[in-house]
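Following: one structure in structure tokens, then a few remarks.
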Amino acid sequence: MDTEFESVLLVIRECFVYKIPPRTAARGYRAGEWGDLATSFAWKGRLRIIGKGSACIIRLEDGETGDIFAECPYDPASNSVEGVLDSSRYFVLKVESEGRRAFIGMGFQERSDAFDFNVALQDHAKHLRAEKEAERRQAEPKVDNTPKKDYSLKDGQTISISIGNMGKRSRPRPTDTQTTGSSGLVPLLPPPPSAAQVKQQQQQQQLYQTPSSAPQQQRSNTDLLFDL
């Protein structure tokens with residue numbers, strides 16, 4: 001199913017068609033060789049340029065009934081449309097119908113109509129080039145053209161690294177003296193001795209008291225002798 005739709009690129013209300021002699025040289029066509037251009041035209045009607053996808057058709061049709069007189073498939077790469085050498089208002093079209101081809105002369109009375117005709121064909125040619133360029137870019141592999149940055153160190157450059165709070169100095173803790181002097185609080189008492197420490201102190205005290213007890217015992221025995 002053909003989903004492409006037709007779009008009208010240009011409409012010119014009046015154009016003239018001429019029967020032209022065969023080209024005799026490669027130099028091109030001349031409108032002056034077509035006879036009296038004001039009276040020798042073979043047909044007069046409306047020109048319409050139709051766009052459908054990538055195709056472009058120059059359609060010559062009756063201005064009142066819309067019947068098609070001739071159609072010229074436009075191809076920028078071929079000689080489907082040629083300008084004459086001696087005027088900017090006349091052209092040679094290669095028309096096709098049922099496999100047959102013929103060259104006819106076509107012109108406008110107004111120079112502005114000829115200008116619009118040329119611009120419409122040029123716009124279509126630009127559109128075709130843009131489509132081909134887009135297809136070519138899609139077919140090519142994508143290459144990153146972004147310039148790469150150089151992160152290497154140059155001569156004389158250094159790197160400074162900061163890890164956590166290693167660069168900060170720790171504040172000194174206040175001493176007991178500073179705490180007492182500043183707040184006036186009584187310092188804490190030492191903890192009580194353990195059971196082992198108490199037993200050891202008692203043993204030391206007994207060792208110190210044992211020598212002094214002997215003389216007392218001796219004195220008491222002497223007193224007993226005197227008493228006898």
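Everything numeric here is computed off the predicted structure, so don't read it as measured data.
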Is atom [atom1] of [X] surrounded by more than 12 heavy atoms (other residues, nucleotides or ligands) closer than 6.0 Å?
X      : atom1 : result
Glu64  : CD    : no
Arg137 : CZ    : no
Glu110 : CD    : no

Mind checking the [atom1]-[atom2] spacing from [X] to [Y]? Nearest 0.5 Å is all I need.
X      : Y      : atom1 : atom2 : result
Glu6   : Lys52  : CD    : NZ    : 5.5 Å
Leu9   : Ile49  : CG    : CD1   : 6.5 Å
Asp123 : Leu128 : CG    : CG    : 11.0 Å
Arg129 : His124 : CZ    : NE2   : 10.5 Å

Looking at [X] and [Y], would you say the former's side chain and the latter's main chain have a donor-acceptor pair under 3.5 Å?
X      : Y     : value
Thr65  : Asp62 : no
Tyr18  : Leu37 : yes
Asp113 : Ile12 : no

For the residue pair [X] and [Y], what are the closest heavy atoms and their distance?
X     : Y      : result
Ile20 : Ile104 : CD1-C, 4.1 Å
Ser87 : Tyr90  : OG-CD1, 3.3 Å
Gly32 : Asp86  : N-OD2, 2.9 Å
Arg46 : Cys15  : C-SG, 4.2 Å
Arg23 : Tyr29  : NH2-CE1, 2.9 Å
Leu47 : Ile58  : CD1-CG2, 3.9 Å

Treat each ILVMFWY residue as a node, draw an edge where side-chain heavy atoms are under 4.5 Å apart, and state whether [X] and [Y] are in one component.
X     : Y      : answer
Phe16 : Met106 : no
Val95 : Phe91  : yes
Ile57 : Leu60  : no
Val84 : Phe103 : yes
Val17 : Leu93  : yes

Short N-O contact, Glu133 and Arg136, less than 4.0 angstrom: yes
Indicate yes or no: at least one non-hydrogen side-chain atom of Val11 is less than 4.5 angstrom from one of Arg48. yes
Parallel, tilted or perpendicular: ring planes of Phe108 versus Phe117, cut at 30 and 60 degrees: tilted
